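Atoms within each ligand, like the ligands themselves, are counted from 1 in listed order. Start at 1 with the first residue, then count along the sequence. None of these values were measured; they are calculated from a predicted model.
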Amino acid sequence: VAFKQYQYDQSTNYQDVTLKAIGLANEALSKSANLRLVPGWKEGVRWTSQDVPVFIAKSVRFAASDEIFVPEGERFIVVNEECISKLPDIFHQGGGLEVSPEAYLGLIFLHELGHIYLGKTGSFSALQESSDYHLNLIENADKNTELAADQFAASQIKAKTVFETFELRMALNNIVWNMNRWRALTYFGSGDIYIPQLYWDEGFSHPNLILRMLIISQIVEPGSDSGLLSMFIEGRKRKRWNVVLNPITSVDQMVKIAKDMDFSVKIQQRSDRKRYVLTYKPTRTEIFVDELPGEEVRAIKDMATAIGLNQ
Ligand SMILES: [Zn+2]
C-alpha cells in the first residue's frame, strides 16, 4: 500500500465512526468475496492479501469531487474527512429519518469494495463528481461500472441475514424514504412531474443517486419500495415532462423548472419590465417572456406556455 506516495495527510478525526463503518461493511461481506476492510491508521499491523485499508485524509490537496474513493490502480479506500459531515445533505436527509454517519459510510465502503472486487482500474468514487454537472440520460461504461459496484454492495447485504446486516438494511430503507420525501417536497409532491433534475443523471460518471439507491434497496428487499423504482424508470423514459399538478406561484419557481428542462435563463432588468431570455440548449431556440410590474401571474403563465409546460 503506497498511501504516502499520494501525499495525503492522514486525519485523526472520525476514526470511531470509520471503525464502526468498517465493522458494518465487514459484517456484510461474504467469505467468497475474499475482502476485508481494516483501519489504515493502525501502526504495526501486517496486512494480508484480503485486507483493504481505509485511510482518513485531511481535505487539503483534494479536488472538491474527491470524497470517498479508490485511487487509480490501488487497493485501498481514501475518505476525505470533510465529506463525512456532508453525507446527510448529499442523500437529502433533511428533517427526515436519521441515518448514522457510520451507516452511510458502511454502504459506501461496500460500493468501493465492489470496484476492487470487479478489478476494473481507474479512480472510483461512490458519489457524483460535482465538477461535471450536466443533466443527461446517456448510458456509458463509467455508469455501468458504478451500477455493477452498487450491485456488488447490494448482493453482499442480501446474502446475509437481516440480523447480521440490520443497520445497513435499516439505513437503506431510511435513505430511500428520505430521498422520496425530498422529491415530494421539492417537486410539489407529484409523481407526474417528470423533470430531468429529478430523474436524469447529473454528469457522466454516475447514474442518478436516487435511482441507484432504489435499485440497491430492491435487490436487497424486492417489493419494499411501493413502486417507486418503476415510477423512476418510467420518469426517465418520458420524453417531456409536461404536467405540473400543483400551481406554480412565482416566476422564480418557473425559472427553476425551465432550467431543469434544459433551458438557460438570462434575466434582463429593463426600465419598465423584467425580461427573461430562455434558450433551449439542445436546439439553441431562444424565446423571451416579459414581466411587467404587478403582472407576475401573467408572466408565470407566459413562461409555462413558452417552455411547453401544461399547468
Ligand atoms: Zn463508484
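The Zn ion (ligand 1) lies under 2.8 Å from an N, O or S atom belonging to His111. Because the distance cut-off is set at 2.8 Å, Glu112 fails to qualify as a neighbour of the Zn ion (ligand 1), as none of its N, O or S atoms comes that close.
The local environment of CD in Gln218 is crowded, with over 12 non-hydrogen atoms from other residues, nucleotides or ligands closer than 6.0 Å.
Paired with Glu102 under the rule side-chain contact (heavy atoms from CB on, under 4.5 Å), one option of Thr18, Ile84, Val17 passes, and it is Val17.
Taking the N/O/S atoms of Glu146 in turn, the shortest distance to the Zn ion (ligand 1) belongs to OE1.
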> After noting the C-alpha distance and the side-chain angles of Arg183 and Asn180, does the key distance pass the side-chain hydrogen bond (donor to acceptor under 3.5 Å, both in side chains) rule?
Replying inline: CA-CA 5 Å; Arg183 178 194 66 80; Asn180 190 40; 2.8 Å; yes

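Note: Phe55 and Phe76 have perpendicular aromatic rings, judged against thresholds of 30 and 60 degrees for the angle between ring planes.
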